[in-house]
Amino acid sequence: MKSLLNFIYRNNFFFSFLILEFFCIVILIKNNGYQGSSLFNSANTISANIYKTSANAKEYLLLKEENDRLAEQNNFLLNRLKLGYAALPLKVYKKNDTLYKQVYEFINGKAVNSSVNKRNNYLTLNIGAEQGVGNDMAVINSNGIVGVIKDVSKNFSSVMSVLHKDTRVNCQLKKDGSNGTLMWDGGDYQFCNLSGIPTHARIKKGDTVITSSLSGIYPEGIMVGFADSYERRQNESFYTVKVRLSVDFKKINHISVVKNNYKTEKDSLELKSQTQSDK
Amino acid sequence: MINEIIKNTIRFLVLILLQVLIVQNIRLGSYIILFPYILFILLLPFETPKLAVLLLAFVTGLTIDMFYDTAGIHAAACTIIGFSRFYVLKLLAPREGYDLGLTPTIDSMGNLWFVMYAASLIFIHHLFFFYLEIFRFNEFFRTLLRVSLSTIGTFIFVYVIQFLFYKSSQHK
């Protein structure tokens, strides 16, 4: 026993090393469990306080970034408020592209009044001349065509709906481009008649009808509706297609007014050639 | 003597804070992790009793463990270099022994000596630290790569600190 103690005493360096290492391993293994020894992790008072001080200092350095982030988030949230939507329609979005000239500009607005049950239906929009709306501009919404601007005041405009006796929209079948003229017969507000489709066109129920480039008011390719049925009326050499409109005129809210940037140029040219031929 | 103790205490605090507040945030990928705090153990004076070195190393490791949440791994690795420092010093000792009042710095011992001394101790520390951390052998070579790269990284860091603080103090 004495010689063992003697041996340990002589090798005290090595044995104290072993004891310390053993202690380390014990902490290591104990800390792997759920009940970690809290004395040796960063939750204890000294290290936690140092980390807290450091984090506080860092926070000051990052205040500007944090402010920017919060402002951005604020903006984002404001934009989702109803308030933000009320302010938004007054803007005109113009795209500056060097490859494609912008023919159409879209002005966002809201229908504040509309009807479907009259023979000649009109809508009223909350945008007018001051927002860039002019006569004969097309009105569409995300589902399809809505109508044409008839009258403009300073802050409001009146729209001749598709559901109007004078509506004539040049449309085409999307699949083969057969042209026809869309009219409303005053019946069901969900249906219009597309007349003038040549008899060689193969029409099926559900065919998509879009605006054609000949319409002059609407941009090409705006959704109109879907073919529901078709018939060849007596003494007529073309089909008349019953079209289910894609726009629900009872639920119109947000609309876009389409401004054709080249309309005046086109109109004056057409007028010129017409008057020349009349002479 | 008292002077040495104060100097080493300050060095201990500075190196711990440097490690915890600054070096911990230096991210050089998952293979290079720097532990320049062990410079404290490396720079203890030659005449420090070997048991004291062992205990100081243990305490240093335990302090770092508190901040790193590594419970015992740093302490174990530090205790090992506290233990092996004695033998490394013995191995690298000049023929006539170390002069009294010297510290194991580049300044007093020369470049080559410090490279051998520091590199071997840093390597031992990192070897034990990373293998204890992973605690298994199935990522043996990846861990070895981590040990080697981290050793080089820490050594350069330690060398630069030496260069910045100790070289200039002599020439003043």
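Labels below follow one simple rule: chain letters A, B, ... track the order of the sequence lines, proteins then strands, and each chain is numbered from 1.
A cation-pi geometry, defined here as NZ or CZ lying under 6.0 Å from the six-membered ring centre and within 45° of its normal, does not hold between R11(B) and F40(B).
Side chains of N111(B) and Y159(B): a donor-acceptor N/O pair is present below 3.5 angstrom, by distance only.
Interface remark: F14(A) contributes backbone and side-chain atoms alike to the contact with chain B (heavy atom separation under 4.5 Å). Proximity to chain A (any heavy atom under 4.5 Å) is shown, for F83(B), by both the backbone and the side chain. Contacts between F128(B) and chain A at a heavy-atom distance below 4.5 Å are absent for every atom of the residue.
Of the listed residues (T63(B), L21(B), I80(B)), the one with the most heavy-atom contacts under 4.5 Å to chain A is I80(B).
A salt bridge links K175(A) to D207(A): at least one charged side-chain nitrogen sits closer than 4.0 Å to a carboxylate oxygen.
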Might you work through the side-chain contact (heavy atoms from CB on, under 4.5 Å) test for T124(A) and V159(A), ending with a clear yes or no? CA-CA 6 Å; T124(A) 311; V159(A) 180; over 6 Å; no
